[in-house]
Amino acid sequence: MQGFQDLVVYLSILFGAILCCGGYLRLYHGKQHLPLPPGPRGLPVLGNVHQIPTQYQQNTFLSWAKRHGEIVYLRFFQKPAIIISSLKAAQDLMEKRGSKYSSRPYSVFMLEFVLPRPNLVLMPYTDQCRLHRKLFQATFESRTMLDSYRPLQRRYVDILLADLVRDPEGFIAHLKRYAGALTIELAYGHHADIVNEEFMAFADKAMASVTEAGGVASTLVDFFPFMKYIPEWIPGGGFKRHAFMTQNMIREVMSTPYSIVRESMKNGNAQQCFTTFLLGELSEDGRLDDDTAWDIKGAATVLYLAGSDTTMTTLISFILTMVLHRHIFKKAQAELDSVIGSERLPNLDDRDSLPYLECVLKEVYRWNPPAPLGIPHSVTEEDTYRVYAIPAGAIVIPNIWAMSRDVEQYSDPDTFLPERFEAMSPQETNKKDPRKYVFGFGRRICPGRFLADSSVWLAIANIVATMDIQKARDISGKEITPIPSFKTGIVSHVNPFICDIKPRTTKTTDIATKLKNVTSG
Ligand code: HEM
């Protein structure tokens, strides 16, 4: 068996070499006759694969950008890739030339093994993708629709505050629940208690299985598609077993809440939600083929998967920075007290009158961009940028982390300093607003950005208004200062830390009393 395994690896390398040489010749004899962008020197067959770390790739990519420039060229076996590390280059290419830079790299593993149907996040830029984006935009980018979610956001913020009062130590779980329950209710209409924690836990497990399943062999199949024909009982084909198991879990995550919506539609008690909207838009006279049903299930699941972890991470980054910088928290609180007073809780209409809190939120996005490498795009047509050729089919990785650490834009970029935005002119603030890059670019920009931004703002404004946050103390009374650290991966999750959160009692408002009627499920 070992011999066979070696043969598979040997064949993979051989095929790679052949494809690679073909690719290489094509690149250098492309019609532009321009050089490729600079990058670290790779090996003949592997390209730069062996230089890519498995963890915190954004840091390595940033160090390459410092050496080679804002566009770095890499090769993963035969596949070209560019890493974009400046906002200007990302906007020039991914936004101004959106017609060429808006597809996604094709993943054999995800699209042929794990998912029953491609979902929006992974779709190439086809008519189907445009249709799905239109549906997301109609639901999450229209002002009227966003305004209609305000009562829901208010309800979940009240639950969050009540949870924080009841169990301050569980703040990470409460923030996760806030972000998750909100997106679940938008997706499926019923209260999160019905789909409940069990659904969130199972969805997390399925996603972990996707990540685990994406080990070496599954990554290889993306570069050497012939591997998909290796039977699963032969070494090298074992990834298929894991992939099929993952597919079963994903199917269940997609189907369970969808079936509840279908059932309540039959019973005439379904709430208006993204799933009912999609059913209305995509079914013909109430009829639905199997593929369309999977498309709808996929779109609703994407809403939860793309929306909850990213939103939660922003909120936890906020708590962490407030623990570390109490003077900033107190300054935001003083602003809030002077504008809102203590008789009511802040709402989204107050946003424009709280400029310092706005600077704090911008700095939270910048300090820990929730998706440090975004989601890769791919180039559909050969292109040129400055003096370089960008080959068709290249994977495009925006290094959002590098953009947030650009010293030309932000001095002392590792320091958490909301005041950097306070000191800027309106034009400069607009140009340097991290929301210009943390939500991605161009035709694939995050369609949930307005919802995410308002949900995060509402939660942090209400936390600042009602809670006191500071460092926890050990039994000897000494302050415990959390050391900021983040998980590696698509989302930069904050590693757990402890802090001391207490409800504030002000002259006239006792928030615990105010929220006594709010139940958390
Ligand atoms: C702070 C919270 C969030 C952050 C930082 C974030 C960030 C991102 C980023 C970087 C991308 C990739 C864009 C690109 O390819 O250029 C993306 C895509 C996406 N996001 Fe978000 N997101 C957040 C919240 C949400 C929410 C709440 C939703 C749900 C409505 C959502 C739905 C999506 C979808 C569906 C895509 C794929 C779009 C496509 O492929 O065309 N996101 N997001």
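Each ligand, and each atom within it, is numbered from 1 in the order the structure gives.
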(request) Could you tell me how the ring of Phe416 sits relative to the ring of His325: parallel (under 30°), tilted (30 to 60°) or perpendicular (over 60°)? (result) parallel
Please give the N or O to N or O pairs under 3.5 Å between ligand 1 and the protein, distances rounded to 0.1 Å.
{"from": "ligand 1", "atom 1": "15 (O)", "to": "Arg104", "atom 2": "NH1", "distance (Å)": "2.8"}
{"from": "ligand 1", "atom 1": "15 (O)", "to": "Arg104", "atom 2": "NH2", "distance (Å)": "2.9"}
{"from": "ligand 1", "atom 1": "15 (O)", "to": "His377", "atom 2": "NE2", "distance (Å)": "2.9"}
{"from": "ligand 1", "atom 1": "16 (O)", "to": "His377", "atom 2": "NE2", "distance (Å)": "2.8"}
{"from": "ligand 1", "atom 1": "16 (O)", "to": "Phe441", "atom 2": "N", "distance (Å)": "2.9"}
{"from": "ligand 1", "atom 1": "40 (O)", "to": "Arg104", "atom 2": "NH2", "distance (Å)": "2.7"}
{"from": "ligand 1", "atom 1": "40 (O)", "to": "Leu120", "atom 2": "O", "distance (Å)": "3.4"}
{"from": "ligand 1", "atom 1": "40 (O)", "to": "Arg444", "atom 2": "NE", "distance (Å)": "3.3"}
{"from": "ligand 1", "atom 1": "40 (O)", "to": "Arg444", "atom 2": "NH2", "distance (Å)": "3.1"}
{"from": "ligand 1", "atom 1": "41 (O)", "to": "Arg133", "atom 2": "NH1", "distance (Å)": "2.6"}
{"from": "ligand 1", "atom 1": "41 (O)", "to": "Arg444", "atom 2": "NE", "distance (Å)": "2.8"}

(message) Using 30° and 60° as the class boundaries, would you call the ring planes of Phe274 and Phe277 parallel, tilted or perpendicular?
(response) parallel
(request) Is it possible for you to check whether Arg405 lies under 6.0 Å from the centre of the six-membered ring of Tyr410, through NZ or CZ, and within 45° of that ring's axis? (result) no
(message) Could you check whether atom CD1 of Ile490 has more than 12 heavy atoms from other residues, nucleotides or ligands sitting under 6.0 Å from it?
(response) no
(request) Kindly assign one of parallel, tilted or perpendicular to the pair Phe439 and Tyr365, based on the angle between their ring planes and the thresholds 30° and 60°. (result) perpendicular
(request) Kindly write out the residues that satisfy side chain to side chain donor-acceptor pair (under 3.5 Å) with Ser86, not counting sequence neighbours, or none if the list is empty. (result) Glu70
